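Written below as structure tokens is the structure these notes are about.
So that the names make sense, note that chain A is the first sequence line, chain B the second, and so on, each numbered from 1. Quick caveat: nothing in here was measured; it's all calculated off a predicted structure.
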Amino acid sequence: MKAKHQRLTLVLLAVAAVVGAALLAMSALKDQAAFFYAPADLRAANVAAGTPIRLGGMVQTGSVRKLPDGVTTAFVVTDNRDTVPVTYRGILPDLFREGSGVVAEGRVSADGGFVADTILAKHDERYMPPQVAGAMHKTETLEK
Amino acid sequence: MTAEAGLAALWLAAALSLLQLAMAAIGLRTAREDVSAAVRPVAIVGGVLSAIAFVLLIALFVQSDMSVKLVAENSHSDKPLIYKIAGAWGNHEGSMLLWVTVLGLAGAAIAIFERRLPANTLTATLGGQATIALGFFAFLLFASNPFARLDIAPPNGMGLNPLLQDPGLAFHPPTLYFGYVGLSVAFSFAIGALVTRDVGPTFARAMRPWVLAAWIFLTIGITAGSYWAYYELGWGGWWFWDPVENASLMPWLAATALLHSVTVLATRDGLRAWTIMLAVVAFSMSMIGTFLVRSGILTSVHAFAVDPTRGSFILALLAIYIGGALALFALRIGTVRAGTTFEPLSREGALVANNLLLTVILGVVLIGTLYPIVAASLGTQLSVGPPFFNAAAGPIALLLVVVLAAGPLLRWRKDGWGALIERLTWPIGATALALSLFALFAPWKGLLTLLGLGLAIGLAVASVAPLWKRNLRRTPLFTWGMVVSHLGVAVALFGMAADSAFTREALVAARPDQVTQVGPFEVRFVGVKPAIGPNWSAIEARLEVTRGEGTTQVMRPQQRFFANPATTTNEAAISTRIDGQLYTVLGQPDGAGRWQLRLWWKPFVTFIWFGGALIALGGALSLLGRVRRERRTDAREMWA
């Protein structure tokens, strides 16, 4: 192969690879990205049961209770427009509190509840996930 | 006084880097050698001054001088000494000062040690280094002064985030910064070579040790960071695809590609333009990483700084440096002469494939990391998580493993398929055997996991194949380096796949004396009692662990309470065995005398970080080998 041709081939290959990556990423984003929903969005979006998603909002005050097995926690996530009942089997993060922000990663169950695999609460008492802050802000504006 | 002295040193260092840039420009323009020659001492003094500023900041933290705002906000007088020192960089301002210090010291090191580059290219490189430093000096002095005073000094300070009070994390940021800054040196070399139109093997040989060193630090930093997240966050996972983790992974991917292409340029004079491009990309990735972590624009489990004005400042720097470098690249790329050519099936060809695949993974990670930010600016709130990254990057990574296995067994310039397949007989056989054994006996956890296990075995065999029938004592150190690093990839990959295939988990609400079975272990929950540490108190569980007929071991997971700032952290207790780790976490009480316990038996999970350490060790061997060989060549030239 001549040098010029080789360079051209390399450039074409590189372009093809990057375009391929972008397409792959975009298609994966469409199907598999764990999309973020506030409770009201989740109700509106009608997500199929079993699709992995993230649910964000505030833990409703007075809603947290332990189920009899001792390891499952049930609570309600709210964005002041709608609520979603959540169950989580596992040890809650240290900063999980009633009335503070939470992001739950998991799946919608057949009965309309949410089964969380992971609970994210940042290790900082001032923390409010930006996405939750955004959703709450929108709600407040709507109410006014 | 210390704080003022620190600030003065910082201003002086900034002024010197301006001088360094001006002198480099004048020296190159007017071809005055005396001016160019003076750039070196200026770079050395500038580096020393920024180091002095940083040492003074550490001194302020050690003295707990609460009249300094940064100390008051990030330290506490009762903190153990090591965390007072680490507190100096465990915050935004201090870590940016550390960044500038490492950058300055790296510039000084180039000025002192670099002997191979032509004088002009060296001057241009030091000019490039000064340009980068200037931006960061401006950032520090105008937007994040670490030495700012408080009008009224509080008696004690607010304390350091307890999650950062861990030896692993105390040394984690400096390690990563050495990596990031090492890439800035590679970037300056590329700029220097473009400015003086001097892209070739000499330049590549000069740049290689810097890329290698940066890559070693990044590897160690990522491995240590992953282990920290694993044992400190108490969730049993080792990688989260968190934006902050991706911020360190992206420069590593680019640096890995650069490391391989710079080798082709240094030894075979190929891939000239590509290498320059990768040097630009690698440093851009460390800038983007800094931007992501320091701007506070992303949702992350462990992003610590939040300030939008700083974000825009770094974004502006990013635009100037990357934009400038790309513009220079576009202007000068025509003058980069084509290197030598090679056949597609050759060592060079495999390295090109490696580079392309790494770039594709980099692209996928970059898109996944930035997409939520772009979407947010368009008004949609969404987040991209592990399902996306695993699905998109996983298959490409496995393909890369195949290239990684075959590449070192190929000849330079030209090779044949028949010969390659013959050399690959053993690795392919090992993979096939492993695949069928795992498919028969291991629980089915998906195709990626199974392929991961099989390919890890095949890669391990292929990695050591270059040593086959060689005199091991006469094998050069950098060949050993390659073998050890590639073997490290196999070991890490095996650990990752084994963790997802064989982990056993038990989650129980246990009463005292209750016994729980997890994997081959019997865990007896004896009860809880209080415990106390230097600046925390805790509730500690006592677990008696027995495996088969073996002796009983006691494990003590804790819930720790820190007063300053008021925080609870979960301290997992981990028992390391030859074949894996038992990981135990204490949760909350249920009010009826039961305590939540989470137990994991993770076979071979340690291989993940052991593999990472091997990869870094391989890098260190290569670096040593190169330096040694060059010493020898220098000595020979001196005698000649």
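In this structure, chain A has a heavy atom under 4.5 Å from the backbone of B:Val508, while its side chain stays farther away. Contact of B:Leu271 with chain A is made through the side chain alone, with heavy-atom distances under 4.5 Å. Looking at B:Val352, the atoms closer than 4.5 Å to chain A (heavy atoms on both sides) all sit in the side chain, from C-beta outward. Contacts between B:Arg594 and chain A at a heavy-atom distance below 4.5 Å involve the side chain alone, from C-beta outward. Neither the backbone nor the side chain of B:Leu357 comes within contact range of chain A, judged by heavy atoms closer than 4.5 Å.
Considering only heavy-atom pairs separated by less than 4.5 Å from chain A, the leading option among B:Leu362, B:Leu356, B:Val365 is B:Leu356. Chain A forms the most heavy-atom pairs under 4.5 Å with one residue out of B:Asp590, B:Asn570, B:Val364, and that residue is B:Asn570. Of the listed residues (A:Ile91, A:Asp69, A:Thr73), the one with the most heavy-atom contacts under 4.5 Å to chain B is A:Ile91.
A 4.5 Å side-chain heavy-atom check between B:Gln588 and B:Ile539 finds every atom pair outside the cut-off. Within the 4.5 Å cutoff, no side-chain heavy atoms of A:Tyr37 are placed close to those of A:Asp79.
Every residue two or more places apart in sequence or in another chain was checked for a side-chain contact (heavy atoms from CB on, under 4.5 Å) with A:Ala44, and none qualifies. Taking the ring pair (Phe, Tyr, Trp, His ring centres under 6.0 Å) definition, one finds that B:Trp274 meets it with nothing, sequence neighbours left out.
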In sequence, state the C-alpha distance, the side-chain angles, and the governing distance for B:Glu571 and B:Gln559, and then conclude on side chain to side chain contact (heavy atoms under 4.5 Å, CB included).
-> CA-CA 6 Å; B:Glu571 298 293 312; B:Gln559 294 252 7; over 6 Å; no

